[in-house]
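Here is the structure we will look at, set down as structure tokens.
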Amino acid sequence: GDELKYGFGVKPTKEQVAGWDIDIRPDGKGLPAGSGGYEEGEELFQDLCAVCHGEFADGGGGRYPPLVGGDPEHLSQEASPGQPEKTIGSYWPYASTVFDYIKRAMPFGNAQSLTDDEVYAITNFLMVENDLHDEDQPMDAKALIAIKMPNEGGFFMDPRPDTKNPHCMKDCYKSVEIKSKATLGVTPTGEDALR
Amino acid sequence: GDELKYGFGVKPTKEQVAGWDIDIRPDGKGLPAGSGGYEEGEELFQDLCAVCHGEFADGGGGRYPPLVGGDPEHLSQEASPGQPEKTIGSYWPYASTVFDYIKRAMPFGNAQSLTDDEVYAITNFLMVENDLHDEDQPMDAKALIAIKMPNEGGFFMDPRPDTKNPHCMKDCYKSVEIKSKATLGVTPTGEDALR
Amino acid sequence: TVGATGGAALAAGNPKHLPPNVPPWSMELGDSVTAEPYGIPSQYEKNVHRRTVPWLTPTGESSISFTPIQDLHGIITPNGLHFERHHGGFPHIPKEDFRLIVHGMLENERMYTMQDIMRLPQVSRIHFVECPANSGAEWRGAQMDKLQFTHGMVSCCEWTGVLVKTLMEELGVKSGAKWVLAEGADAAGMSRSIPIEKLGDDCILAYAQNGEMLRPEQGYPLRLIVPGFEGNMNVKWIRRLEFGDQPWHHREETSKYTDTMEDGSSRRFTWFMDAKSVITSPCPEYPMLGKGYHQIRGLAWSGMGKIKGVDISVDGGKNWMPARLEGQVLDKSLTRFVFDWEWNGQEAMLQSRCYDEKGNVQPTIDQLREVRGTWSIYHNNSIHTWLVQKSGEVLNVQVSGK
Amino acid sequence: TVGATGGAALAAGNPKHLPPNVPPWSMELGDSVTAEPYGIPSQYEKNVHRRTVPWLTPTGESSISFTPIQDLHGIITPNGLHFERHHGGFPHIPKEDFRLIVHGMLENERMYTMQDIMRLPQVSRIHFVECPANSGAEWRGAQMDKLQFTHGMVSCCEWTGVLVKTLMEELGVKSGAKWVLAEGADAAGMSRSIPIEKLGDDCILAYAQNGEMLRPEQGYPLRLIVPGFEGNMNVKWIRRLEFGDQPWHHREETSKYTDTMEDGSSRRFTWFMDAKSVITSPCPEYPMLGKGYHQIRGLAWSGMGKIKGVDISVDGGKNWMPARLEGQVLDKSLTRFVFDWEWNGQEAMLQSRCYDEKGNVQPTIDQLREVRGTWSIYHNNSIHTWLVQKSGEVLNVQVSGK
Ligand SMILES: [Ca+2]
Ligand SMILES: [Ca+2]
Ligand SMILES: [Ca+2]
Ligand SMILES: [Ca+2]
Ligand SMILES: [Ca+2]
Ligand SMILES: [Ca+2]
Ligand SMILES: [Co+2]
Ligand SMILES: [Co+2]
């Protein structure tokens, strides 16, 4: 344009932008037209996703992340000592993220290969499995945005700095005790350290 | 030693130092015992050096530097326009450098392989060829140091800074003329730029 | 004075090559110039390379490799050793096929080639990049047995590129724009929401690291540098910047890279990398060589500015002494510290504690857990302890002081 | 405003990979972490490497390779691209077989292993190394047709090692010691006399460049760094330092590296690398892309201190405008400058002229020849001129102004 100081590059066409403008926001901005049913989604999931995420989308006991499981009421240490189980239903604040992430990144190895209808269908399946959607209802933009995620209220903004080390220089402790030691050999050596 | 702050390393033995302490100074310090004659030197030169530096040590028209040639009186542009021919006799300020350099670096590909007697012999040969030594006299430390190189007086200490750009910013010249242009293709491309 | 001269015995070498002998390399010609048109490290440094820990992630394409900081000096990380953190493997993108689309709440939208980007006014800045999962395993206790794995997800280069601010000024940001989505062209389409004040401050669309074009695994041909912020906001292979008025809350800032507290609530947008330091010598990979003088060395850095100082303790935090900062001390950059120590051969607990120019002081692991619990996964910037044993061996431990 | 947008046309790329299409690398997984445990450059940057000019020297073992400064940014030279200047090829020395003997006019003589050297107090400094023969061919007139060959014998790294001063203080220098011989373990046994004031000032026995151990061709495992002084005084594979009271006048400071004047007399010990600069963009390898905005970029450096400023002329030196120094401005280091230019498409003669903090101003080639003649071979730090043609092509020329 004339008012550009340098003028490098070109104005992208609407089509060019649309091909890459795949992001979804929590308020639904970016959600495409389309919809998908639960059964279709379940079938797609079994065909394209279950090999890694398990038939029931709970990880299947394998290496890949579970997409179902955990409990949004059990994220505290009091309720669940140790690493809480964080999945879509137990942890994610917004439903939009499910659609966005599947569309841009899954299946792993063939990202951005699903049609929008297919993403809606798979999202339908996953939301049903996470007890967040009725399997008899289609999933479309409107239905997705209507879903209020159980852990939406569980997030708050970064409050750091949050530690205050008094910066003591002398006689800071009476005694110091070793609480844990790393086990030798726990990290790989030789070829094992190269995938 | 006890008085060392860090104490790393060890005190080298005299032998360890002597094995590497090969440098020669203009006043003769470092010159080893030994000597060599002109004919021996000439033979050694033909056997070990002439293949690169030419039978007469003048470069032989090849790629390697001449060791004989030029004229210490002809280093000026008035006497010899263009690159003056700089060799041992026409340019080097000290005879010691000849011994030092041959001992540490030549022959190229088998450095530090000559005995001290051999270096004296080859030095004898080269000094004779440079009109700086009598071929009937042996070359030893004393004889080497006695040689006063013709261009010894031709050197002086760095006087820089030696330019004074007035750091003009505006209207510095009335006119500017191109005096030369590089020829395209003079530097190698592709595999030719890798030896 | 000290008398630790174990060096000679420990680094014996082949007697044929030692003084007074003249070794072969002082006699035979070496390699020619351009024997390696693009040089490679010495064959005697083959041990210096990135490493991964296969059991940390499901697969190598979504995984981490660690910089061998135990083998490095100064503050620059050489390009071949920069740590990796990928979510879909790293692509090999032909430069001429690369495009960056900048769109959304702008007066002018634009699509750039690499040639376009490189014609814009250029800046060069030295900054660290650290993954917030660095030292993450240590939340639970001393876990990793080597420095490369406790602290190796941090690197530092001179980055060259165009300030995003330059683009923003040229294209004109519409009023109301508060957030920008940065999205990569990798198979993960890695995306993060960046607050616009930060983006227009010191963020760089970078194409060079330590002088040459980015490495494929660092985002060739273009990446975002968000100085001092979480590693994965420094989006690699960046293909898109969308200007908007709300954050996107995408997967890498909700499911991941959020920090869950003891009470089950979670912090989001935990952007700053905190002030952090670690001793790199000695360490498990490079134990003590003997009693006497040892220069303790390490690295310190802060996402909030320059490092102001580093203190060293050799008794697990009871007493501290100031270290010296060596070389360049730069904003949001690795900083080298050194400290002269006399080791008496007894057990010792070595710690470094840094503080930055904004007044932030590196906390102990107890102070951190007090506030954040043990399961927040990320942002473990705690003071790290090496237990030096009488044998000289160095172990990763965690300590508590009363 | 300007309208130079040749970029899109010039960097077309494969339409299948361009927006709105999603290219394969955004869909298929890339390479895993540690696919390259020691990383290598992108296959699309294969053109970026050192080059030599075979006809400059008799043989590759005594020769030069040039850094491709036309392809670089910022001030750091990545290790694989550091220029080379060897006199007997470069050796591959096993670290454990390496020894440094320090002897002569000292209270204590010492022999060190690499382990010993690395235990000593460490410093890290960013310095350029330049061969005095850099730009040497240009004394006679515009000779080399490419920037890599007119100015590529200069590189800049972060060097880490022990200050020679530290050794001198420990070993105790005897009164009367004024000169030190630095000698290498290569097949040339490269030796230079160093004045003791300089050696004890900022000289470093360096073992690391840009964080990792030296490259074989840069002196692995140990080299001398003599900041700001002639390249070959930075002795590589250094095996010996002898303290004495007289200079040695060895071959590399008499037969070579001395400067013969018009009248036939010759300067010796011309140690300082003078203030020097060159425009790296545009240049013959990277011509102008079109009319309008072009950020002129280049490098400036001085062996006497920091660069204070750089001026740019586009009319062969008639008029000058100040450039901006970008990034780090350090003592005896490469310094990046940038200058915003609007090219009107007409012929232009671009020059850069630097000045350092000591008041030295880079001279024109005429000013240099006035003092030194044309045949002094070394230390050509003259203002360099690029002739920009209407086609955008850039030629190496020399000009004279009246
Ligand atoms: Ca969008
Ligand atoms: Ca069903
Ligand atoms: Ca429950
Ligand atoms: Ca000596
Ligand atoms: Ca004869
Ligand atoms: Ca004559
Ligand atoms: Co965070
Ligand atoms: Co000189």
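Numbers restart at 1 for each chain; the letters A, B, ... are given by sequence-line order, proteins then strands.
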(request) Please name the pair of heavy atoms, one in D/Thr34 and one in A/Ala193, separated by the smallest distance, quoted to 0.1 Å. (result)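 Here D/Thr34 and A/Ala193 meet closest at CG2-O, 4.2 Å.
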Taking atom [atom1] as the centre, does [X] end up with more than 12 heavy-atom neighbours from other residues, nucleotides or ligands that are less than 6.0 angstrom away?
| X | atom1 | result |
| --- | --- | --- |
| A/Phe56 | CZ | no |
| D/Lys308 | NZ | no |
| A/Glu43 | CD | no |
| D/Gln43 | CD | yes |

(message) To the nearest 0.5 Å, what is the distance between OH on A/Tyr6 and CD on D/Gln295?
(response)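 So the gap between those two atoms works out to 7.5 Å.
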(message) For A/Ala105, which atoms come within 4.5 Å of any heavy atom of chain D: side chain, backbone, both, or neither?
(response)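 For A/Ala105, no heavy atom lies under 4.5 Å from chain D.
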For chain D, which residues from [range] lie under 4.5 Å away (heavy-atom distances)?
| range | value |
| --- | --- |
| residues 166-183 of chain A | none |
| residues 137-152 of chain A | none |
| residues 19-28 of chain A | A/Gly19, A/Trp20 |
| residues 107-133 of chain A | A/Phe108, A/Gly109, A/Asn110, A/Ala111, A/Gln112, A/Ser113 |

